[in-house]
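A quick write-up on the structure given underneath.
Each residue takes its place number in the sequence, starting with 1. Side-chain atoms are counted along with the backbone in the values below, which use heavy atoms only and exclude waters and symmetry mates.
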Amino acid sequence: MKRYFTMKLFSAGLILVAWFTFAIMNLTQSAEGLWSKIEATGHSVTEFTLFPDTFDAFANEDVFSKMNLIETYGFLQKLMLKNEENNFEVIRDTDGKLHYANFADGPNDVKQIVNAVSALNRALFSTGSKLTVLMPPDKVLQGVTTFDEALPYSYHNETADRFLEAMLLRGIKAIDFRDSILDSGIPSQDIFFDTDHHWTIESNFWAFTHLVEQFNEIYDLDLDPEGFYTNPENYNFITYEKSYLGSMGRKTGVIYAGADDFTVIFPKFETKYRFDAFNPLYEVHSEGRFEDALIIGYPFNIQNYEQSINTDKYFAYLQGNQSIVTIKNELSNGPRVLIIKDSMSVPMTAFLSTVCSEVVLIDPRFYEENIIEYAVEGGFDHVIVSIYPQNLTPEFFDYNTK
């Protein structure tokens, strides 16, 4: 009996030693990584504690041996042939694409968000600005994406249908990308990344060309009359194979989900831009060619594989989600456009800037001023609301309560 308890104590001691060793190594690595990130922004630790979500995200990036832990867990889930991970945080469709799980018994109520857009439309009525609602596709492509019977269904597309019907009843122009992209010539499996909730950069480029076509038809415009800026032959397409883990892939690992190819698209023709981005923590200012002013180059130059594949390359365009971004195209006399958006529209907006003199992006989650007042006072030719189906919630339509 004494030998039994001795072995128990010895085993418990080994576990405690391993646990404390891991905790100390993790604390050291996380602290070093967090400190370097904070120093890079030019802000103090005290300032970062005012933004706990950002502080927590920075700290969690440098967990000791994080990827090894994730890959081990993902390997075990794959061995068990599971199509869900981490208690249904992430699920996998029958084609192997990852999705965030959403347990719902029907579409969302859209009354509040419809009222918000209607208020914006009324405020713009006397300004001459034209309001358009865009509906990017949900990753659950209607008639294409299927799941195992036991996995949850989101009803995001049904919510989008309700929202667009309400826009039609109120006389607000809307462009629905969901059906059009299935006829675009892009293979359905290439519309979205496998490991991310965003659509690919190629899909964003198509959305830009389709938007120009629709704007010309709806508003009798003459954007890109020669078809030069919407012609893919006038752009560089550089593909980095198996180089990207999206937001969901970073939770499951490469073994479970695989890795995505990532294509960077930028003009071959002459461009000259001024880019300004603002958020509560810092400002970004750049200028020059499209690829210098509007794309961050460092995610594509990282030599360390683990660091490179986990870098969010999608947000290399326009610095990702900022409170407000201003893009000035110094070689264009095209329209001035305001876009109230989520992350789905970021790369598309970069391409749209080639036919505009100025594009301003506002993210309702982070912008602290009155969005309706800004839209009215800005004197824009067009105001666009572009929120994809999963984000049709009040958080993305809070225009005038801050």
Item to complete: Decide ring pair (Phe, Tyr, Trp, His ring centres under 6.0 Å) for F205 and F351; before the verdict, give the C-alpha distance in whole Å, the side-chain angles of both, and the deciding distance to 0.1 Å.
Response: CA-CA 7 Å; F205 185 84; F351 303 129; 5.3 Å; yes
Item to complete: Using the side-chain contact (heavy atoms from CB on, under 4.5 Å) rule, take I265 and T263 through it: C-alpha gap first, then chi angles, then the decisive distance, then the call.
Response: CA-CA 6 Å; I265 305 174; T263 299; 4.0 Å; yes
Worksheet item: About how many Å separate CG of D276 and CD of E283, when rounded to the nearest 0.5 Å?
Response: 8.5 Å
Item to complete: Give a yes or no on whether the ring-centroid distance for Y244 and Y314 is below 6.0 angstrom.
Response: no
Discussion item. Salt bridge (charged side-chain N to carboxylate O under 4.0 Å, His left out) for K341 and D363? Distances and angles first, verdict last.
Written reply: CA-CA 6 Å; K341 59 82 187 176; D363 194 314; 3.4 Å; yes
Worksheet item: About how many Å separate CD1 of I186 and CZ of F192, when rounded to the nearest 0.5 Å?
Response: 10.5 Å
Practice prompt. Please check if atom NZ in K268 has more than 12 non-hydrogen atoms from other residues, nucleotides or ligands closer than 6.0 Å.
Written response: yes
Worksheet item: Would you say Y229 has more than 12 foreign heavy atoms packed within less than 6.0 Å of its OH?
Response: no
Worksheet item: How about F237 and I201: do any of their side-chain heavy atoms sit closer than 4.5 Å?
Response: no
Item to complete: Could you tell me how the ring of F193 sits relative to the ring of F262: parallel (under 30°), tilted (30 to 60°) or perpendicular (over 60°)?
Response: parallel
Worksheet item: Between K97 and D95, is there a side-chain N and carboxylate O pair less than 4.0 Å apart?
Response: no
Fill in: Separation of L352 CG from S345 OG (nearest 0.5 Å)
10.0 Å
Fill in: Q112, CD: over 12 other non-hydrogen atoms inside 6.0 angstrom
no
Item to complete: Determine, step by step, whether F88 and H99 satisfy the ring pair (Phe, Tyr, Trp, His ring centres under 6.0 Å) criterion, reporting the C-alpha distance in whole Å, the side-chain angles of both residues, the deciding distance to 0.1 Å, and the verdict.
Response: CA-CA 10 Å; F88 291 91; H99 302 255; over 10 Å; no
Item to complete: To the nearest 0.5 angstrom, please state how far the CZ atom of R274 sits from the NZ atom of K328.
Response: 8.5 Å
Worksheet item: Taking it one step at a time, do T94 and D148 satisfy side-chain contact (heavy atoms from CB on, under 4.5 Å)?
Response: CA-CA 7 Å; T94 54; D148 286 348; 4.0 Å; yes
Response to the item:
Here the gap from I172 atom CD1 to N121 atom CG, rounded to the nearest 0.5 Å, amounts to 4.0 Å
Practice prompt. Show the numbers, then the answer: is there a salt bridge (charged side-chain N to carboxylate O under 4.0 Å, His left out) between K111 and D109?
Written response: CA-CA 6 Å; K111 181 178 179 180; D109 183 359; over 6 Å; no
Worksheet entry | Ring-ring centroid check F269 Y235, cutoff 6.0 Å | yes
Discussion item. With a 3.5 Å distance limit and no angle check, can you tell me whether N157 reaches the backbone of V140 through a side-chain donor-acceptor pair?
Written reply: yes
Discussion item. Strictly distance-based, threshold 3.5 Å: is any side-chain N or O of T127 a donor or acceptor partner for the main-chain N or O of A123?
Written reply: no
Item to complete: Mark yes or no for whether S180, through its side chain, and F177, through its backbone, hold a donor-acceptor pair below 3.5 Å.
Response: no
Worksheet entry | Donor-acceptor under 3.5 Å (T200 side chain, S203 main chain) | yes
Worksheet item: Under 4.5 Å between any side-chain heavy atoms of I371 and L120, yes or no?
Response: no
Worksheet item: What's the shortest heavy-atom distance between G334 and S357, and which atoms?
Response: O-OG, 2.8 Å
Worksheet item: Can we say K251 and E89 salt-bridge, meaning some charged N sits less than 4.0 Å from an Asp/Glu carboxylate O?
Response: yes
Worksheet entry | Ring geometry between H382 and F215 (parallel below 30°, tilted from 30 to 60°, perpendicular above 60°) | tilted
Worksheet item: Quick check: are there more than 12 heavy atoms from other residues, nucleotides or ligands sitting under 6.0 Å from CG of N333?
Response: no
Practice prompt. Might you confirm whether atom CG of D220 has over 12 heavy atoms from other residues, nucleotides or ligands at distances under 6.0 Å?
Written response: no
Worksheet item: Is the side chain of D260 donor-acceptor paired with the backbone N or O of L245 at a distance under 3.5 Å, no angle test?
Response: no
Practice prompt. Check the angle between the aromatic planes of H197 and Y388 and answer parallel, tilted or perpendicular using the 30° and 60° thresholds.
Written response: tilted
Worksheet entry | Interatomic spacing from OG in S323 to CD1 in I362 - rounded to 0.5 Å | 9.5 Å
Item to complete: Using modelled atom types only, decide if a donor and an acceptor are shared between the side chain of D342 and the backbone of I387 within a distance under 3.5 Å.
Response: no
Worksheet item: In a check of side chain to side chain contact (heavy atoms under 4.5 Å, CB included) between K139 and each of H198, M248, H156, which one passes?
Response: M248
Worksheet item: Do R365 and N321 have side-chain heavy atoms sitting under 4.5 Å apart?
Response: yes
Discussion item. Is it the case that the side chain of R336 and the backbone of E358 share a donor-acceptor pair, with hydrogens and angles ignored and the cut-off at 3.5 Å?
Written reply: no
Item to complete: Check step by step if side chain to side chain donor-acceptor pair (under 3.5 Å) holds for S154 and Y100.
Response: CA-CA 9 Å; S154 65; Y100 285 123; over 6 Å; no
Worksheet item: side chain to side chain donor-acceptor pair (under 3.5 Å) between T132 and Y219: does it pass, once the steps are laid out?
Response: CA-CA 10 Å; T132 310; Y219 297 112; 2.6 Å; yes
Discussion item. For the backbone of A160 and the side chain of R178, can you confirm whether one donor and one acceptor N or O come within less than 3.5 Å of each other?
Written reply: no
Worksheet item: How about L221 and K130: do any of their side-chain heavy atoms sit closer than 4.5 Å?
Response: no
Practice prompt. Check the pair F396 / I113 against side-chain contact (heavy atoms from CB on, under 4.5 Å), numbers first and verdict last.
Written response: CA-CA 8 Å; F396 288 85; I113 65 176; over 6 Å; no
Discussion item. Looking at D381 and P335, would you say the former's side chain and the latter's main chain have a donor-acceptor pair under 3.5 Å?
Written reply: no
Item to complete: Could you check N108 against L392 for side-chain contact (heavy atoms from CB on, under 4.5 Å), going step by step and ending with a plain yes or no?
Response: CA-CA 8 Å; N108 293 341; L392 293 174; 5.6 Å; no
Response to the item:
Nearest heavy-atom contact between T230 and T209 is O-CG2, 3.5 Å
Worksheet item: So do V346 and N204 actually touch side chain to side chain, heavy atoms under 4.5 Å?
Response: no
Practice prompt. Check whether any side-chain heavy atom of Q319 sits under 4.5 Å from a side-chain heavy atom of V325, and report yes or no.
Written response: no
Item to complete: Flag the pair F397 / F163 as yes when their ring centroid distance falls below 6.0 Å, and as no otherwise.
Response: yes
Worksheet entry | Minimum side-chain heavy-atom gap F380-Y374 below 4.5 Å | yes
Worksheet item: Short question: side chain of T311, backbone of Q307 - any donor-acceptor pair under 3.5 Å?
Response: yes
Practice prompt. In sequence, state the C-alpha distance, the side-chain angles, and the governing distance for K313 and D196, and then conclude on salt bridge (charged side-chain N to carboxylate O under 4.0 Å, His left out).
Written response: CA-CA 11 Å; K313 295 177 175 65; D196 197 60; over 6 Å; no
